[in-house]
Amino acid sequence: MAETPESDEALMLAYARGEVAAFTTLYDRHARSLWRFVFRHVRNQAAADDVAQDVWCKVMDAAARYVPSAKFRTWLFTIAHHRVIDVVRTTRHHASLDEESESAATLHDSLAAESRLGPLRQLQSQEEGAALLRAVEQLPAAQKAAFLLQAESEMSVEEIAAATGTTFETAKSRLRYARNALRALLAEFSEVPV
C-alpha cells in the first residue's frame with residue numbers, strides 16, 4: 001500500500017524509525033474513535049481505558065515489524081477487535097445504560113442533543129440515544145462488532161472484513177442484518193406513546 005507524507009501508514013513507518021511525534025499524530029487521529037468502539041463493547045469506562053491503552057501498547061510494540069499492507073486504521077481496529085473479544089469473553093460485564101460513570105453522567109446522557117436545542121428536544125434525543133444503545137446491545141456479537149466498526153470508526157465493508165477476519169460478503173451480510181435488526185427494534189421504540 002502506497003503511503004502519502006501525512007498518511008497514517010507513513011506516520012507509523014516514521015514512528016518505527018524513532019519519530020515520536022508521528023505516534024502522537026496517529027494517536028490524536030484515532031484515539032477517540034478507538035476508545036468509543038471499545039467502550040461500546042465492554043460497557044465500562046475503566047475497562048475501556050485499559051483495553052484502549054493495551055491496544056496502543058500493542059501498536060507501539062509492533063512498530064518495528066509494521067508493514068503497510070492494509071490501511072493503518074484497519075490494522076488498528078483489527079487489534080482492538082481481537083482485544084475486545086478477549087475481554088468480553090473473560091469479563092461478561094455489561095453496564096446498565098443508566099449506570100453512572102465516574103463523571104456522574106449516564107451513557108444515554110452522553111448521546112443527548114446540544115443544550116441550545118431546548119429541553120424537549122434534549123429529552124427526545126436522550127430517549128432516542130438510549131433506545132439505540134439498547135438496540136445495539138441486543139445484536140448478536142458479530143453483527144454488533146461490524147456495526148460498531150462502521151459507526152465508530154467509519155470503516156468500509158472491506159476494512160470491516162479485514163478487521164474481523166471474514167470475507168467481504170460475510171461483513172456485508174452482518175452489517176445488513178444489524179441494520180435490519182436495529183431498524184425493527186427502533187421502530188418498536190417509535191411506536192411507544194409519549
Side-chain angles (χ1 to χ4, degrees), residues 1-91 93 95 101-105 107 109-111 114 133 136 141-172 174-175 178:
M1 165 158 261
E3 65 270 349
T4 59
E6 283 297 310
S7 72
D8 293 338
E9 295 77 22
L11 288 168
M12 187 61 183
L13 292 171
Y15 174 66
R17 292 189 303 269
E19 296 177 34
V20 177
F23 181 81
T24 302
T25 302
L26 283 171
Y27 182 86
D28 291 344
R29 284 182 185 174
H30 301 286
R32 186 174 176 162
S33 61
L34 175 76
W35 188 89
R36 283 192 321 252
F37 170 75
V38 171
F39 180 78
R40 299 288 188 241
H41 283 281
V42 299
R43 314 292 303 146
N44 176 286
Q45 185 173 353
D49 291 344
D50 289 345
V51 172
Q53 181 178 359
D54 186 43
V55 169
W56 286 111
C57 287
K58 289 181 185 307
V59 168
M60 290 187 290
D61 291 344
R65 299 179 310 279
Y66 177 75
V67 176
S69 58
K71 287 184 177 181
F72 172 81
R73 186 176 62 181
T74 303
W75 179 69
L76 174 68
F77 278 87
T78 300
I79 295 169
H81 174 71
H82 290 294
R83 188 67 188 105
V84 161
I85 288 172
D86 293 343
V87 169
V88 169
R89 280 183 186 151
T90 58
T91 62
H93 174 73
S101 67
E102 294 169 10
S103 64
L107 180 58
D109 289 341
S110 70
L111 294 175
E114 296 180 34
L133 290 173
V136 168
Q143 291 175 23
K144 179 179 176 181
F147 176 79
L148 290 175
L149 283 168
Q150 187 172 61
E152 295 292 349
S153 66
E154 301 173 359
M155 294 176 83
S156 68
V157 177
E158 295 87 0
E159 292 168 326
I160 293 168
T164 58
T166 61
T167 66
F168 175 87
E169 289 301 320
T170 299
K172 185 175 166 183
R174 287 177 179 171
L175 280 171

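Note that the structure is a prediction, hence the values are computed from the model and not measured.
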Participant: Ignoring hydrogens, what is the shortest heavy-atom contact between A162 and T74? Give both atom names and the distance.
Facilitator: CB-CG2, 3.5 Å
Participant: When rounded to the nearest 0.5 angstrom, what distance separates CG in L26 from CG in L11?
Facilitator: 4.5 Å
Participant: So F37 and H81, would you call those rings parallel, tilted or perpendicular, with 30° and 60° as cut-offs?
Facilitator: tilted
Participant: Give the minimum heavy-atom separation between M155 and Q150, together with the two atoms involved.
Facilitator: O-CG, 3.6 Å
Participant: Considering only heavy atoms from C-beta outward, does the side chain of H41 approach that of V51 to under 4.5 Å?
Facilitator: no
Participant: What closest approach, in Å, do P68 and L13 show between heavy atoms, and which atom pair accounts for it?
Facilitator: CG-CD1, 4.0 Å
Participant: Is H30 close to D8 at the side-chain level, that is, under 4.5 Å between some pair of heavy atoms?
Facilitator: yes
Participant: Could you walk me through whether V59 and M12 pass the side-chain contact (heavy atoms from CB on, under 4.5 Å) test, one step at a time?
Facilitator: CA-CA 9 Å; V59 168; M12 187 61 183; 3.6 Å; yes
Participant: Any luck finding a side-chain donor-acceptor pair between T167 and E169 under 3.5 Å?
Facilitator: no
Participant: Which distance, rounded to the nearest 0.5 Å, do you find between the CD of E159 and the OG1 of T164?
Facilitator: 11.5 Å
Participant: So which heavy atom on E154 is nearest to which on R73, and how close?
Facilitator: O-NH2, 3.4 Å
Participant: Drop me the distance from E9's CD to W75's CH2, to the nearest 0.5 angstrom.
Facilitator: 11.0 Å
Participant: Do you know which two heavy atoms are closest between A22 and A14, and how far apart they sit?
Facilitator: CB-CB, 3.8 Å
Participant: Rounded to the nearest 0.5 Å, what's the gap from NZ on K172 to CD on E158? Could you check?
Facilitator: 10.0 Å
Participant: With a 4.5 Å cut-off on side-chain heavy atoms, are F77 and S33 touching?
Facilitator: yes
Participant: Out of curiosity, L34 CG to Q53 CD, how far, rounded to the nearest 0.5 Å?
Facilitator: 12.0 Å
Participant: Could you tell me which non-hydrogen atom of A63 sits nearest to which non-hydrogen atom of A16, and how far apart they are?
Facilitator: O-CB, 3.2 Å
Participant: Looking at side-chain heavy atoms only, is the closest gap between Y15 and T24 below 4.5 Å?
Facilitator: no
Participant: For a 4.5 angstrom cut-off between non-hydrogen side-chain atoms, does V136 reach R40?
Facilitator: no
Participant: Take a 6.0 Å sphere around OH of Y27 and say whether it holds more than 12 heavy atoms from other residues, nucleotides or ligands.
Facilitator: no
Participant: Between W56 and F23, how do the two ring planes meet: parallel, tilted or perpendicular, split at 30° and 60°?
Facilitator: perpendicular
Participant: In Å, rounded to the nearest 0.5 Å, how long is the span from OG1 of T78 to NZ of K71?
Facilitator: 13.0 Å
